[in-house]
Amino acid sequence: MQRILLKKPASKGIAIGEAYLYRPGRIAADRGLIRPEAVTAELGRFMEALASARRRIVELSARSDIFEAHVDIADDPEILESVTDKITMELKNAELALEETADAAAARLAAAGDEYLSERAADVRDVCSRVMRKLKGLPSSGMPGIDRPVVLVAGSLAPSDTAGLDPGLVLGIVTAEGGDTSHVAIMARGLGIPAVVGVPGITEIVPDGADIILDAVEGAVIIWPDPAASELYRARAGEFSRRKSELAEAGGLPAETADGRRVKLCANVGSIRDVEAALPYGIDGVGLFRSEFLFMESRAFPTEEEQFAAYRAAAQLVPGPLVVRTLDAGADKNLPYYLGEEEDNPALGWRAIRMCLDMPEVFKAQIRAILRASAYGEVRVLFPMVISAEELDRALGLLADCKAELAARGDGFDPGIPAGVMIETPAAVFCADELARRASFFSIGTNDLAQYVLAVDRGNRRVAPSYDPLHPAVLRAVARVIEAGHAAGIPVAMCGELAANEKAIPVLLGMGLDEFSMTASLVPDARHVIRGMRYAEAIGLASRVLGEGTVTGVRGILD
Ligand code: PEP
Ligand code: MG
């Protein structure tokens, strides 16, 4: 028996079964040059393969957003131009022209050193390998059909591989490549398949056909488990699925403590598909619609109409309020078509509300789209990264201008649309009283707040141990914001990851937080924690925790 510790699971659960090793080979082009008179036929061959691959991608796009992005890649004029130039001017055959084009495009994206763009590089490779398969007359995925229950172990899994998977037969997934936001991680969470991604060398460690246990709760793989380990994990797997179904059954129950304190449990989403996926969790609303995904997936700033269509569709689906956060680009969220100037310190640079206030036409198009969606549901607008009352006043001024423009155009909207502020900078914490006089609600973004309060980069692995949202400085900042919001009579929500932290939830509840917004799949656990508590007890706990001045002291109470 061999036990290997892995990292944090991408999708929780326990899988027990036979390892199925998948090592896709790269489909090499038959390198060749063509004669000038063969150019037209070669172009025709390429266009036919492209059209056929595109038809399949369009079919798949009905199943997943990922493939919508693939349609854009198949339609990319730069890729088409590069391939046709290589065929017509360099007399390369279609396979070689495509291989060189794909390599260059993927390398450009991967060189950006940004997780999001490197995922896009994998998309370009996936689409091009689909076209290559068509050119070579191969089946559309290299993944052989799986005909028995297995735990899939792979170097990487492209969307074209996962699209063909039978979720009934794939008990678990471990991959060497990929991060928490990779397609395989998103797909596994969506299908409820236990998964750990980004484990270098895993395909060299796990033998094909071995009995294995994937513990995607603690993060471990056990190869050739002994009978005691098998029995232990069978019991754990049973317990895990019992708990999952109990939690799912509690979906319709309110997030209310045993002594009657009711809070709201909402979802954080980035797309309509996320909204649809969140509904079965019995959410009270959407506490954070990260509108920047709409911007990141476009080739240019999305128009007012495009945005209106997306916000309206979300507003019509969400059972309660839909909080749309205005564009929060910059720093770790670059827009491929609008990179701005290179900055030495992007986390402190031109981002979010600063960028929007400098580009009022882009900002106003978004605000008008959000306002128009407010005629179709309970929509709220939320401004990110605010550091001063002056910034908020300017944003509220533009909101007022947009209302006047829409009224003049005769477009419907909610004139009393609530406008909130994200509290994610120390400046906003210290000026929370002033901001609360102007805002309709607060939403605390602890992901950034912890980064700025602690001066620890939230994405830098080297300093990750110091990035602790349970640091007393962060908790005291949170308590201060809740107090300032309540003193001004406005509700206070939290949409940072801390809102889903099971240790933090009782403390936040005791501080008086009104709304917890998180990845939808975490809502059942949060509901379970809240329903299992007494508010009076939570108040006592919060006061004890706030009395601690050290991380160790806080951990001593909560761990
Ligand atoms: C946050 O900063 O806590 C937040 C919710 O925003 P994002 O993670 O999108 O920066
Ligand atoms: Mg933030």
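Note that the structure is a prediction, hence the values are computed from the model and not measured. In each ligand, atom 1 is the first atom listed, and ligand 1 is the first ligand listed. Numbering starts at 1 and runs along the sequence shown.
Put simply, the side chain of S440 never gets that close to the backbone of G420: no donor and acceptor are under 3.5 Å apart. Looking at T425, its side chain does come within 3.5 Å of a backbone N or O of V386 through a donor-acceptor pair.
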Let me check something: any side-chain donor-acceptor pairs from residues 462-473 under 3.5 Å, sequence neighbours excluded? List them with distances.
from, atom 1, to, atom 2, distance (Å)
Y467, OH, N447, O, 2.5
D468, OD1, L470, N, 2.8
D468, OD1, R555, NH2, 2.9
D468, OD2, R555, NH2, 3.3
H471, ND1, A473, N, 2.9

Enumerate, atom names and distances included, each donor-acceptor pair closer than 3.5 Å involving a side-chain atom of residues 511-519, sequence neighbours excluded.
from, atom 1, to, atom 2, distance (Å)
D514, OD1, R261, NH2, 3.4
D514, OD2, H486, NE2, 2.7
D514, OD2, V492, N, 2.8
S517, OG, A267, O, 3.3
S517, OG, N268, OD1, 2.7
S517, OG, G287, N, 3.3

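Distances shorter than 2.8 Å separate the Mg ion (ligand 2) from the protein N/O/S atoms E424 OE1, D448 OD2.
Under a 4.0 Å N-O distance rule, the pair K364/E304 does not qualify as a salt bridge. Taking the charged nitrogens against the carboxylate oxygens, R290 and D328 have no contact shorter than 4.0 Å, which rules out a salt bridge. Salt bridge annotation for R372-E305: present, with a cationic side-chain nitrogen under 4.0 angstrom from a carboxylate oxygen.
Residues D76 and R299 are in side-chain contact: their nearest non-hydrogen atoms beyond the backbone lie under 4.5 Å apart.
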Distance dump, ligand 1 polar atoms to protein, N/O, under 3.5 Å:
from, atom 1, to, atom 2, distance (Å)
ligand 1, 2 (O), E424, OE1, 3.0
ligand 1, 2 (O), D448, N, 3.0
ligand 1, 2 (O), D448, OD2, 3.1
ligand 1, 3 (O), G445, O, 3.3
ligand 1, 3 (O), T446, N, 3.1
ligand 1, 3 (O), N447, N, 2.7
ligand 1, 3 (O), N447, ND2, 3.3
ligand 1, 6 (O), R325, NH1, 2.9
ligand 1, 8 (O), R290, NH2, 3.0
ligand 1, 8 (O), N447, ND2, 2.9
ligand 1, 8 (O), R458, NH2, 2.8
ligand 1, 9 (O), R290, NE, 2.8
ligand 1, 9 (O), R290, NH2, 3.3
ligand 1, 9 (O), R325, NH1, 3.3
ligand 1, 9 (O), R325, NH2, 2.8
ligand 1, 9 (O), K333, NZ, 2.9
ligand 1, 10 (O), K333, NZ, 3.4
ligand 1, 10 (O), D448, OD2, 3.0
ligand 1, 10 (O), R458, NH1, 3.0

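Other residues, nucleotides and ligands place no more than 12 heavy atoms under 6.0 Å from the CD atom of E483.
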